[in-house]
Participant: 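The structure under discussion is supplied below as structure tokens; questions concerning it will follow.
Worth saying up front: this structure is predicted, and the values here are computed from it rather than measured. Letters A, B, ... mirror the listed sequences (proteins, then strands); counts begin at 1.
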Amino acid sequence: MCGRFTLTQDRKSIVEDLEVAEWSAAGEHRPRFNVAPTQSALVLTWSDEAPGSHRAVRDMRWGLVPGWAKDPAIASKLINARGESIAEKPSFRNLVGRRRCAVITDGFFEWKKDGKASVPHYIHDPAGKALPMAGLWDVWKAPDDTYLTTFTIVTTEARSDITFLHDRMPVILARDDLDTWLDVAHVPKEKALALVKAYAGPLETFPVSKLVNSVRYDSAEIIRRADPEVGTQGSLF
DNA sequence: CCAGACGTTGTT
DNA sequence: GTCTGG
DNA sequence: CCAGACGTTGTT
DNA sequence: GTCTGG
């Protein structure tokens, strides 16, 4: 699945890499090494406003709160959406044809489980390019009449070089597919659903330290390669 | 009709 | 909001 | 995803 | 064990 990701690029690099035409996110973007659920993150949406259709950056909170939710705490359960069932599940089906977005990342983490041990690994493009992930978003009206905009990340079966870590992975959108996913006004959901599949582009994977486990850490050391764990439990002799 | 659910993952 | 189950 | 909390009352 | 919060 996908429970943490990075966006280490700065604003200028994001704009160039993803050919962004409009930046409408609140606040400054600082490079992020440990984005966690419930935190604000950058997403791409399609804008049909003048001067023409284009990719726009916005900020939303990770963890979907459907419009009908009574308690926004549901967000922590809806950080991912199974691609195989987004067209049927009540929380997602109305969004597939109307509210698709691409979560801007340039890497993500998976924890490899070995019995009790859990070792985090980082997966990214060896060239450092962005890995936009298929997302769905919604708006929730709070009791005080303020609005909360949230998103979830669509997942699919892991491709063969990832399965040693986990059997699921986020849906990463190829550059050629990006606008098809984003343009909800002109692309029917059937065509968008065809993009829910494992990414075919280059990915590099390596173990990292457990610093990433705590959301308090959010710096470059998070994605430094760590030596494989050796003799953690009484095997020194 | 109303009430209640609405999700994913991993682990056993 | 919308669907399923009773 | 992992970390951390997990409770009420009355008094200050 | 299970839920909430980040």
Participant: Could you state the atom-to-atom distance from NZ of K77(A) to C1' of dA5(B) in whole Å?
Facilitator: 11 Å
Participant: If the P atom of dA5(B) is compared with that of dG4(D), how far apart are they to the nearest Å?
Facilitator: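 Nearest-Å result for dA5(B) against dG4(D) at atom P: 32 Å.
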Participant: Within 45° of the axis and under 6.0 Å from the centre of the six-membered ring of W23(A), does NZ or CZ of R11(A) qualify?
Facilitator: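 Yes - R11(A) lies over the ring of W23(A), closer than 6.0 Å to its centre and within 45° of its axis.
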Participant: Considering only atom P, compute the distance from dG7(D) to dC3(E) and round it to an integer number of Å.
Facilitator: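 Each nucleotide's P atom is 12 Å from the other's.
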Participant: Take atom NZ of K112(A) and atom P of dC1(D), then tell me their distance rounded to the nearest Å.
Facilitator: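 Whole-Å distance recorded here is 16 Å.
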Participant: At a heavy-atom distance below 4.0 Å, which nucleotide of DNA chain C is the first touched by chain A, and which is the last?
Facilitator: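 First-to-last contact on DNA chain C, by the 4.0 Å heavy-atom rule, is dG1(C) to dC3(C).
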Participant: Which residues satisfy the salt bridge (Lys or Arg N to Asp or Glu O under 4.0 Å) test with R30(A), sequence neighbours excluded?
Facilitator: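 Testing R30(A) for salt bridge (Lys or Arg N to Asp or Glu O under 4.0 Å), a comparison that skips the adjacent residues, returns D218(A).
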Participant: Can you tell me how far C1' of dC1(D) sits from CG of N80(A), to the nearest Å?
Facilitator: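 Distance check: N80(A) CG to dC1(D) C1' gives 9 Å.
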Participant: To the nearest angstrom, how far is R216(A) atom CZ from dC1(D) atom C1'?
Facilitator: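 Rounded to whole Å, this separation is 16 Å.
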Participant: Using the six-membered ring for Trp and the full ring for Phe, Tyr or His, decide whether W68(A) stacks on the six-membered base ring of dC6(B) (centres under 5.5 Å, planes under 30°).
Facilitator: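 Per 5.5 Å and 30° rule: yes, stacked.
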Participant: Under 4.0 Å, heavy atoms only, any strand: does S85(A) hit a base, just the sugar-phosphate, or nothing?
Facilitator: sugar-phosphate
Participant: Could you spell out the base pairing of DNA chain D in dot-bracket, with Watson-Crick or G-U pairs whose two distances are under 3.5 Å, [ ] crossing and | to another strand?
Facilitator: ||||||......
Participant: Is there a path of hydrophobic side-chain contacts, each under 4.5 Å between heavy atoms of I, L, V, M, F, W or Y residues, that connects L131(A) with F5(A)?
Facilitator: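 Same hydrophobic cluster.
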Participant: Report the distance from atom NZ of K70(A) to atom C1' of dA3(B), rounded to the nearest whole Å.
Facilitator: 10 Å
Participant: Between dC2(D) and S118(A), is there an OP1 or OP2 to side-chain N/O distance shorter than 4.0 Å?
Facilitator: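 True: S118(A) side-chain N/O within range (under 4.0 Å) of dC2(D) OP1/OP2.
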Participant: OP1, OP2 of dT8(B) versus side-chain N and O of R168(A): anything below 4.0 Å?
Facilitator: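 R168(A) to dT8(B) OP1/OP2: no side-chain N or O under 4.0 Å.
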Participant: Please list all pairs passing the salt bridge (Lys or Arg N to Asp or Glu O under 4.0 Å) test where one or both residues lie in residues 179-196 of chain A, with sequence neighbours left out.
Facilitator: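 The answer is R55(A)-D179(A).
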Participant: Take the protein atom CG of D71(A) and the nucleotide atom P of dG7(B), then report the distance between them rounded to whole Å.
Facilitator: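 Roughly 16 Å, once rounded to whole Å.
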Participant: Taking the P atom of each, how far is dA3(B) from dG6(E), in whole Å?
Facilitator: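 Straight-line distance between the two P atoms is 34 Å.
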Participant: Taking D10(A)'s backbone N and O only, do any of them form a donor-acceptor pair with S13(A)'s side chain (distance below 3.5 Å, no angle check)?
Facilitator: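 Not at all, since once roles are kept as given, no pair shorter than 3.5 Å links the two residues.
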Participant: Counting the atoms with a prime plus P, OP1 and OP2 as sugar-phosphate, which does S76(A) contact under 4.0 Å by heavy atoms, base, sugar-phosphate, or nothing?
Facilitator: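 The answer is base, as S76(A) lies within the cut-off (heavy atoms under 4.0 Å) of a base atom.
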Participant: Please state the P separation for the pair dC2(D) and dT12(B) - nearest whole angstrom.
Facilitator: 14 Å
Participant: Have a look at N34(A) and say if it touches a base, only the backbone sugar-phosphate, or nothing, with a 4.0 Å heavy-atom cut-off.
Facilitator: nothing
Participant: What pairs meet the ring pair (Phe, Tyr, Trp, His ring centres under 6.0 Å) rule with one or both residues in residues 84-112 of chain A, with sequence neighbours excluded?
Facilitator: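 Output for this query lists F109(A)-Y122(A).
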Participant: Applying a 4.0 Å non-hydrogen cut-off, can you work out what I79(A) is touching in the nucleic acid: base, sugar-phosphate, or nothing?
Facilitator: base
Participant: Within the structure provided, determine whether F151(A) and R61(A) are in side-chain contact (heavy-atom separation under 4.5 Å).
Facilitator: no
Participant: Report which part of the nucleic acid R82(A) touches: base, sugar-phosphate, or nothing (heavy-atom distance under 4.0 Å, all strands).
Facilitator: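 Since only primed, P, OP1 and OP2 atoms lie under 4.0 Å of R82(A), the category is sugar-phosphate.
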Participant: Between D177(A) and R175(A), is there a salt bridge with N-O shorter than 4.0 Å?
Facilitator: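 Salt bridge flag = no for D177(A) with R175(A).
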Participant: Return the CG to CD1 distance between N34(A) and I223(A), rounded to the nearest 0.5 Å.
Facilitator: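 That separation rounds to 10.5 Å.
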Participant: Under a 4.0 Å threshold between the charged nitrogen and the carboxylate oxygen, would R32(A) count as salt-bridged to D106(A)?
Facilitator: no
Participant: Using distance only, find each side-chain donor-acceptor pair of residues 43-50 of chain A under 3.5 Å and give its atom names and separation, not counting sequence neighbours.
Facilitator:
residue	atom	partner	partner atom	Å
T45(A)	OG1	R58(A)	NE	2.7
W46(A)	NE1	D48(A)	OD1	3.4
S47(A)	OG	E49(A)	N	3.2
D48(A)	OD1	S53(A)	OG	2.8

Participant: Does a side-chain N or O from T155(A) land closer than 4.0 Å to OP1 or OP2 of dT9(B), or not?
Facilitator: yes
Participant: What is the separation between atom OH on Y122(A) and atom C1' on dC2(D), rounded to the nearest whole Å?
Facilitator: 18 Å
Participant: Report the distance from atom CZ of R93(A) to atom C1' of dC6(B), rounded to the nearest whole Å.
Facilitator: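 Whole-Å distance recorded here is 8 Å.
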